[in-house]
Structures are given as structure tokens and as C-alpha cells.
Amino acid sequence: MVHHESYWNATGPTSDYPALASEIEADVAIIGGGIFGVTTAAMLANRGLSVALVEARRIGEEVTGKSTAKVTSQHSLSYSDIEARFGADGARLYGEANQTGVRTICDLAARHGIACDLERKPAFVYATGEDEAERLEKEAVTARRLGLPASLTGDAGLPFPIRTAMRFDDQAQFHPVKYVKGLAAELPADKCRIFEQSRVTDWDPNRIATEGGSVRARFVVMATHLPLGRTGGFFAENYPHMHAVMMGRADPARVPDGMYISVETPHRSMRGHRDEAGGAWMLFTGPTFKHGHVDQERAAFADLERFAADTFGVSADYRWTNEDYRSMDHVPFIGRSSSRGDSVLVATGFNAWGISNGTVAAILIADLIEGRDNPWVSLFDATRIKPVAAAKEFVAGSADVAKEMVGGYLARKADSLAALAPGEAAICKVDGKNVAGYRDEAGALHAVSAVCTHLGCLVGWNETDRSWDCPCHGSRFDCDGGVIHGPAVTPLAAFRDA
């Protein structure tokens, strides 16, 4: 049986922190309990600041808990691109920051004795075609010149021929849920309070609020993948996309000794893993697809599973999807959300490299809050691109694309909610309103408004995770309308209220 959940969440430890249920005060309020949020809390608490970390669900189990969990500064062909956009100094700072991120994760795991299956592994990006090999060779020259641990090799240990590969030594991989929950357990209780099952629905520069309580603070850190609501206009500066992910048991003799990503499209990323019993696994990600676009999602998984089976003899035991955001200029936005110097700080646009970049963000945000100098500030400056003047037109255009996509694909699934078969989902017109309907395998109908509560785009169905996902800005909702990920903070209305 294939499990439709993240392997990391299924095999990681549980957490049961209380919900926020009163009004409290702290030096810093952190919204979000992934690797960025928890590491920021650790940095600040260890410097003597009081922290309240508020997580909408369970810490470590959302974007971090659905990642490939590669701990690496090897980000495909990023360095040539960043150098072209930000110059050699900018690319050098990006590499230095992410190498620091790798070291910090390894140091924290060792210092606190966090049992997170951390293994030192080389990271490879490989090319099978001549044109791609040429691009990769140029990237290796750039990476070496920037002081990164890069080398070229014709043997990456893969079971198929390649033209060349770039190898980064002294990188790592781990179990992300074990790491984040393990780090959270080591936070000093007198300095850091953690709250779960507490979705933030309102905020200002010195306060955050949930249905159950609020936190007053000198600083607010949005560690929420994309900042909530319209904060800083970041929804207009980052492009959301989804990844197909699968993980299955593997023959130990066929698991290559490294972490890998291809230059060619469709991009394929893979790595091995040993469970607590010594069993071998392999994790794969494949082509990206647009949020809510079921035919692209199906094609991505079909390609990925064919590759895993044909090349490594691995079939899926776990299937899930994960989302990422790419910034407009391919470097994350980290820092103050406004050029006015307000006290809301953010980090977003990690472009699928959130493990190292999330740790970079924690270091940088902690330094900004304390007023410490940090050489990375200007490169990652979150206000370096002004929100587009035509934000309304951007939203309207995105909404038109979403309507065309949903109307062209999902509407063919059923003429009415009553016509939905078990396991089917569709957008239907009911009394002139767009309604998102899903009938589960037991026959129960789940029907909610199909209009995203962030900025009004139409959502689409995620068949793997059984969620309604917004193709415009990446908000995600469960089949009953509850918010999974922002920037939306308000649930989809139930059908009776739609």
C-alpha cells in the first residue's frame, strides 16, 4: 500500500506543545515552526532573548518535513546565475552563507546530541547531454573560484552513463523532522515558549494573534514559507511551484553514495536513507508542476516513478508533494519586510534549497534583531525589489490564468457535486458560485468555496495530498477548507456559506 504522506512525518517523533490560549509577552514572536523558525528561536534564546514560537500545525512537519532534507550549499547551477545578477562578490557571499548553514546544522546536531540520522555525503549535480555538460563545467569553474568545495568527475557512482558531474565534498543529509523537533526540545524553557495548533490570523509590527491568544513582542518574525497576507508584497515577487516526491525501499547495493540532482529537464533529484533498523531507502523528486493542475501532477509522478523503478528498482511506499517559491532574481529575500525599517522580519524564496537557506535566514534574522553586523545583509535584503506598481493587475492576470486552468480541466470531471464519484474532485457552478467539491472514498462529500481567501484566485485539486491549492500565490487548503499553508489565513467557506 502506498502511503499518501511524507516519510519523514510518518517516521519522525511526535510533538505536543500546548495551543496559545492567553495574552503573553516576549522579545520576539516567531510565526512558523519549520527549520527557519525553530533555528531562529534557538539563536535568539541562546543569546538571552525571550521568544514565543507559534506554529499553525506541528513543528517540523510542513515544508521542512516534506523536503528532500539535503544539507548542502550545492544548489544545481545557482552560482553562475547569481554571479551574473549580483557579481562575483554576491555569488561569493551566497556560497559563504550556505556553507555556514551546512556547518551550523552539523554543529547544532552534534552539540545537542540530536539523533537525526545525519550523515556526511558528497552532493553531485550531473549532466548526461553535451550542452548541459558544458554548462556544468562552467559552473564548476565559477564555484571553485568562489572558494566552494567543487570538483569535476566523470564517475558519480550512478548506474547510468553521464557526461560529467560536479561534486561538492563535506555536505550532509539528515531526517528533517527528527532534527527540528530535536532542536526544539533543547531550547531553554525559561527563554522560549512553543505553541502548536495555533494559527496566526492577525498581526502588526508588535503583536500577533490567534483565535486563542496573542503575543506582544518587540519583533515579529514570519517564518511561514511566504509571508502572510499581503505583507511586503512578497506574493508578487515569488513564483510558487510544486514538486512530486516519492520514497521507497531499496536494495542497499543499488543505493549510490551521495546526493544527486540533474542538470537536464525534467530535473531529477535523489538520495539514499538508512532507517533505524538499517533498512535502505531512496527518495526521489521529479518534474515540478503548477499548483492545482492535476494532469501536470499525474505526469510528474508517472515520470518520477518510471525513472525510480527502471533505474534503481524502487517503487513508491510513500508519495507526497511539496511546494517551493522562487524569488524574482533567484536569491532569497531575508530581512525587514519594509524599507521603513519596521520590526516585521521575513525570509522567503528559497527556491527548493530551504534547509541550508532556512538556517542562513535564522542566522541573519537573529543578527538583525540584535543589531549585529552581518556581511550577508545587502545580498539577501528583503526590500531590494520594490513591490510591483501594478500589483492589482498581477493578481487579476493570475486569477484569469487560474480560471482558465480550472475551467479547462477540472470542470470536465463532473457536471454537478452529486455526480462526483468516490475519490473524485471538481470545481462546479452552484447557483452561480464556484464550489470545490471532493467525495472521499467512503462517499462523504466535502464542499467549500473554490475562491482562495488570499486574493480571490480559483483553487485547483491536489490529487496526491487531497488538498485545494491556489496556483496564483501558493496557498493550500485541506478538503474541508482549513488552511494548510499561507499566505492565506482564512479558511475556504463551507459550501452552505459559499
S.K.: Which atom names give the shortest non-hydrogen contact between S198 and L20, and what distance separates them?
M.R.: OG-N, 2.9 Å
S.K.: Ion pair present between R439 and E424, side-chain N to carboxylate O less than 4.0 angstrom?
M.R.: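 No, no charged N to carboxylate O under 4.0 Å.
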S.K.: Report the distance from atom CZ of F124 to atom CE of M270, rounding to the nearest 0.5 Å.
M.R.: 11.5 Å
S.K.: Take atom CD of E441 as the centre, draw a 6.0 Å sphere, and report whether it contains more than 12 heavy atoms from other residues, nucleotides or ligands.
M.R.: yes
S.K.: Working to the nearest 0.5 angstrom, can you tell me the gap between H485 NE2 and D469 CG?
M.R.: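 One finds 9.5 Å between NE2 of H485 and CG of D469.
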S.K.: When you check the side-chain N and O atoms of E323 and H225, is any donor under 3.5 Å from an acceptor?
M.R.: no
S.K.: How about C457 and C472: are their SG atoms under 2.5 Å apart?
M.R.: yes
S.K.: Should the heavy atoms of other residues, nucleotides or ligands under 6.0 Å from CZ of R57 be counted, would the total exceed 12?
M.R.: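 Atom CZ in R57 is crowded, with more than 12 foreign heavy atoms closer than 6.0 Å.
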S.K.: Checking the side chain of D27 only, and the main-chain atoms of S50 only, is there a donor and an acceptor separated by less than 3.5 Å?
M.R.: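 Pair found, side chain donor or acceptor close to backbone of S50.
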S.K.: Are H446 and W468 near enough that their ring centres are under 6.0 Å apart?
M.R.: no
S.K.: Please tabulate, for side-chain N and O atoms in residues 277-289, each donor-acceptor pair with protein atoms closer than 3.5 Å (sequence neighbours left out).
M.R.:
from	atom 1	to	atom 2	distance (Å)
W281	NE1	D275	OD2	2.9

S.K.: Report the residue from E61, R58, E196, E55 that forms a side-chain hydrogen bond (donor to acceptor under 3.5 Å, both in side chains) with S15.
M.R.: E196
S.K.: Under the 3.5 angstrom rule, does the side chain of N206 hit a backbone N or O of A217 as a donor-acceptor pair?
M.R.: yes
S.K.: Assess the pair Y17 and F195: is the distance between their ring centroids shorter than 6.0 Å?
M.R.: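 No - the distance between ring centres of Y17 and F195 does not fall below the 6.0 Å cut-off.
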S.K.: Can you give me the closest heavy-atom contact between K290 and Q296, atom names plus distance?
M.R.: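 Smallest heavy-atom distance, with atoms named: N-OE1, 2.8 Å.
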S.K.: Is there side-chain contact between D465 and R476, with heavy atoms separated by less than 4.5 Å?
M.R.: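 Side-chain contact under 4.5 Å: yes.
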S.K.: Does H267 reach the main-chain N or O of E264 with its side chain, forming a donor-acceptor pair under 3.5 Å?
M.R.: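 It does hold such a pair.
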S.K.: Where do E305 and M246 land on the side-chain contact (heavy atoms from CB on, under 4.5 Å) test, with the steps shown first?
M.R.: CA-CA 8 Å; E305 294 183 350; M246 62 160 281; 3.5 Å; yes
S.K.: Any heavy-atom pair between the side chains of Y179 and L118 that's under 4.5 Å?
M.R.: no
S.K.: Out of L44, T40, V28, which one pairs with I365 under the side chain to side chain contact (heavy atoms under 4.5 Å, CB included) rule?
M.R.: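 That would be T40; it is the only one of L44, T40, V28 passing the side chain to side chain contact (heavy atoms under 4.5 Å, CB included) with I365.
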S.K.: Start with the C-alpha gap between S67 and N322, add the side-chain angles, then the distance that decides, and say whether side-chain contact (heavy atoms from CB on, under 4.5 Å) holds.
M.R.: CA-CA 7 Å; S67 68; N322 198 14; 4.2 Å; yes
S.K.: Rounded to the nearest 0.5 Å, what separation is found between the OH atom of Y438 and the CH2 atom of W461?
M.R.: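 Y438 OH to W461 CH2: 5.5 Å, rounded to 0.5 Å.
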S.K.: Is there a donor-acceptor pair closer than 3.5 Å between any side-chain N or O of S343 and the backbone N or O of P205?
M.R.: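 Checking the backbone N and O of P205 against the side chain of S343, a donor-acceptor pair under 3.5 Å is found.
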S.K.: Is there side-chain contact between V344 and R336, with at least one heavy-atom pair below 4.5 Å?
M.R.: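 Answer no - side chains too far apart.
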S.K.: What's the spacing between D117 CG and T11 OG1 if we round to 0.5 Å?
M.R.: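 D117 CG to T11 OG1: 8.0 Å, rounded to 0.5 Å.
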S.K.: Looking only at heavy atoms, what is the nearest atom pair of V177 and G65, with distance?
M.R.: CG2-CA, 3.8 Å
S.K.: Run K178 and I114 through side-chain contact (heavy atoms from CB on, under 4.5 Å) and show every step you take.
M.R.: CA-CA 8 Å; K178 290 181 179 180; I114 302 171; 5.6 Å; no
S.K.: Given the rule in the side chain to side chain donor-acceptor pair (under 3.5 Å) test, do E297 and T321 qualify, once you have shown the distances and angles that lead to the verdict?
M.R.: CA-CA 9 Å; E297 177 188 351; T321 67; over 6 Å; no
S.K.: Is there a donor-acceptor contact under 3.5 Å from the side chain of H454 to the main chain of G229?
M.R.: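 Yes; judged by distance alone, with no hydrogens or angles, the pair exists.
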S.K.: Could you tell me whether D440 and R466 have a side-chain N and a carboxylate O separated by less than 4.0 Å?
M.R.: no
S.K.: Side chains of Q173 and H273 only: does a donor on one sit below 3.5 Å from an acceptor on the other?
M.R.: no
S.K.: Distance check, rounded to the nearest 0.5 Å: N462 atom CG versus C479 atom SG?
M.R.: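 It comes to 11.5 Å.
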S.K.: Tell me if a side-chain donor or acceptor on R271 pairs with a main-chain N or O of T68 at a distance below 3.5 Å.
M.R.: yes
S.K.: What side-chain hydrogen bond (donor to acceptor under 3.5 Å, both in side chains) pairs are there with at least one residue in residues 345-366, not counting sequence neighbours?
M.R.: H75-S356, Y94-N357, N98-S356, N98-N357
S.K.: Evaluate the side-chain contact (heavy atoms from CB on, under 4.5 Å) criterion for residues V71 and Q171: first the C-alpha distance (whole Å), next the side-chain angles of each, then the deciding distance (0.1 Å), finally the verdict.
M.R.: CA-CA 6 Å; V71 185; Q171 309 296 291; over 6 Å; no
S.K.: Is any side-chain N of the basic residue among E119 and R274 closer than 4.0 Å to the acidic one's carboxylate O?
M.R.: no
S.K.: Please find the pair of heavy atoms, one from A447 and one from L417, that lie closest to each other, and give the distance.
M.R.: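 What the structure gives for the nearest pair is CB-CD1, 4.2 Å.
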S.K.: Look up atom CH2 in W8 and atom NE2 in H175, then write down how far apart they are to the nearest 0.5 Å.
M.R.: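 Rounded to the nearest 0.5 Å, the CH2-NE2 separation comes out at 6.0 Å.
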S.K.: Looking only at non-hydrogen atoms, find the nearest pair between P332 and R384 and report the distance.
M.R.: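 Looking at all heavy atoms of both residues, the closest pair is O-NH1, 3.1 Å.
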S.K.: So which heavy atom on T72 is nearest to which on A123, and how close?
M.R.: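 For T72 and A123, the tightest heavy-atom pair comes out as OG1-CB, 3.5 Å.
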S.K.: Taking 4.0 angstrom as the limit, do R199 and E211 come out as a salt bridge?
M.R.: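 No, no charged N to carboxylate O under 4.0 Å.
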